[in-house]
Number of protein chains: 2
Amino acid sequence: MTKDDHQDAVAREPDPRTADNRAEAFHGVRVARRNELAEDYVELIAELIHTQGEARPVDIATKMGVTAPTVAKTLGRLARDGLITRAKYRSVFLTDEGRALAKECRHRHEIVLRFLLSLGLDSETAERDAEGIEHHVSERTLALFAAFANRS
Amino acid sequence: MTKDDHQDAVAREPDPRTADNRAEAFHGVRVARRNELAEDYVELIAELIHTQGEARPVDIATKMGVTAPTVAKTLGRLARDGLITRAKYRSVFLTDEGRALAKECRHRHEIVLRFLLSLGLDSETAERDAEGIEHHVSERTLALFAAFANRS
DNA sequence: GCATAAAGTTAGTCTAGGCTAACAATCTGC
DNA sequence: GCAGATTGTTAGCCTAGACTAACTTTATGC
């Protein structure tokens, strides 16, 4: 599973093959949860680079609604996992891997958002819910969402 | 916000009123994430009591796909938060509050699941995605899901 | 009714992801 | 070009949620 590539250091989960369907589902949710924050960060970093020209920790902190030290620590993990590069007191850059993940996330986010809007949801609620939902949508579900949002 | 009542001991988040929409959305996701595990547990406990007559830690561990000590620690938190009662070496019971939360979760889970199925998703994927999505769906979105699943 | 198996608990470790306090570096305005 | 403001980092603390190892209690089979 590609989504796990940068999570090798994480404690091994019980073998899902021996567990029942329910346990598999929970296992999947835990795996997704592990990656959520990283996905949110690379997506935001890509956006900041696009709109501001650079991704500064202070802006990341503001957009994420957390403090600067939290951002610093998280960026350390992202760098360790090969998603970003950074130099001390300088702004942040995405690696190829980080850029690819950001693109994928943005794609998923947009489909989920368009889908919710096409259901008739107001844009503020749609944005908030999309932020939570996007990390838990399988390829199959995403395809159905996209098809629905594109119906005439 | 009722969902926060049993999370008083958790570190205070930055005031969402001062943050922008994006930060609010992330804040909401973090709040939801805090409650996810508790919701999964009470939902499962209610189900076990209904189907097996009692909720034993060993069954919770199997269904959740985690080890027994993890279950023990988590049950300790649920008891502390007033969602369950337990006696040493005995099975687990829901408090009124826990029962109410379980009911609400089951309700949300069922709507999300029926919605995904009505989109044409296979039941296995629907079950897995519902498990992740159900915690991130607002009341408003849930209402739309329910309406869609009930369309003729 | 006792030995053993199964279930539950306790203790200790680890990582993620929050925070504050304190300090260091960079940027800005005069 | 330097003082003060802004930004970034480091250190240290905390909780949640996962694990293993070791122990205790309860249940079971003969």
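In terms of the side-chain contact (heavy atoms from CB on, under 4.5 Å) criterion, residue partners of A:R33 (sequence neighbours excluded) are, by chain and number, A:V29, A:R30, A:E36, B:R33, B:E36, B:L37. With sequence neighbours excluded, the residues satisfying side-chain contact (heavy atoms from CB on, under 4.5 Å) with B:A79 are B:I84, B:R86. B:R99 meets the salt bridge (Lys or Arg N to Asp or Glu O under 4.0 Å) test with B:D96; sequence neighbours excluded. Scored by the salt bridge (Lys or Arg N to Asp or Glu O under 4.0 Å) test, A:E127 finds no partners at all (sequence neighbours excluded). Judged as a salt bridge (Lys or Arg N to Asp or Glu O under 4.0 Å), and not counting sequence neighbours, the contacts of B:E47 are A:R22. Residues passing the salt bridge (Lys or Arg N to Asp or Glu O under 4.0 Å) test with A:R77, sequence neighbours excluded: none. With sequence neighbours left out, B:P57 forms a side-chain contact (heavy atoms from CB on, under 4.5 Å) with B:V71, B:L75. Judged as a ring pair (Phe, Tyr, Trp, His ring centres under 6.0 Å), and not counting sequence neighbours, B:H109 has no contacts.
For the pair B:E104 and B:R108, the salt-bridge criterion is met [side-chain N within less than 4.0 Å of a carboxylate O].
Taking for each of A:R77 and B:A72 the nucleotide of DNA chain C with the nearest heavy atom, the 5'-most of the two is the partner of B:A72. Toward the 5′ end of DNA chain D lies the nearest nucleotide of A:P69, the other residue of the pair A:R33 and A:P69 mapping further downstream. Residue-to-nucleotide proximity on DNA chain C shows that, of B:D59 and A:T70, the 5′-proximal contact is made by B:D59.
Listed pair B:R80 / D:dA16 meets the phosphate criterion, a side-chain N or O lying under 4.0 Å from OP1 or OP2. Proximity of A:T74 to the phosphate of C:dG17: no side-chain N or O atom is located under 4.0 Å from OP1 or OP2.
Put simply, CZ on B:R86 is 10 Å from P on C:dG8, counting in whole angstrom units. Here the P atom of nucleotide D:dG8 and the CD1 atom of A:I60 are 9 Å apart, to the nearest Å. Between A:L83 atom CG and C:dA16 atom P there is a gap of 13 Å when expressed in whole angstrom units. Rounded to whole Å, the distance from OH on B:Y41 to C1' on D:dA16 is 11 Å. The interatomic distance linking B:L37 (CG) with C:dG17 (C1') rounds to 16 Å, in whole Å. Residue B:R30 contributes atom CZ, which lies 18 Å from atom P of D:dT15 at whole-angstrom precision. What separates NZ of A:K73 from P of D:dG8 is a distance of 18 Å, to the nearest Å. Taking atom CD of B:E36 as the reference point, atom P of D:dG17 lies 10 Å away to the nearest angstrom.
For DNA chain C, the residues of residues 47-56 of chain B within the heavy-atom distance limit of 4.0 Å (strictly under) are B:R56, sorted by number.
Of the candidates D:dG17, C:dC19, D:dC19, C:dC19 carries the atom nearest the A:V66 side chain, counting heavy atoms from C-beta on. Side-chain proximity of B:V58 to the nucleotides C:dC19, C:dA7, C:dT9 is greatest for C:dA7. Checking D:dG8, C:dA16, C:dG18 against the side-chain heavy atoms of A:P57 singles out D:dG8 as nearest.
Aromatic ring orientation, B:F115 versus B:F148: perpendicular (interplanar angle above 60°, classes split at 30° and 60°).
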Report each atom pair, protein N/O against N/O of nucleotides 24-26 of chain D, whose distance is under 3.5 angstrom.
| from | atom 1 | to | atom 2 | distance (Å) |
| --- | --- | --- | --- | --- |
| D:dT26 | O3' | B:R90 | NH2 | 3.3 |

I'd like a list of close polar pairs between nucleotides 1-4 of chain D and the protein, N/O only, cut-off under 3.5 Å.
none

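Identified under the salt bridge (Lys or Arg N to Asp or Glu O under 4.0 Å) test for residues 133-147 of chain A, with sequence neighbours left out: A:R140-B:D122.
Contact of the B:D40 side chain with the B:H135 side chain is registered, since non-hydrogen atoms from C-beta on lie closer than 4.5 Å.
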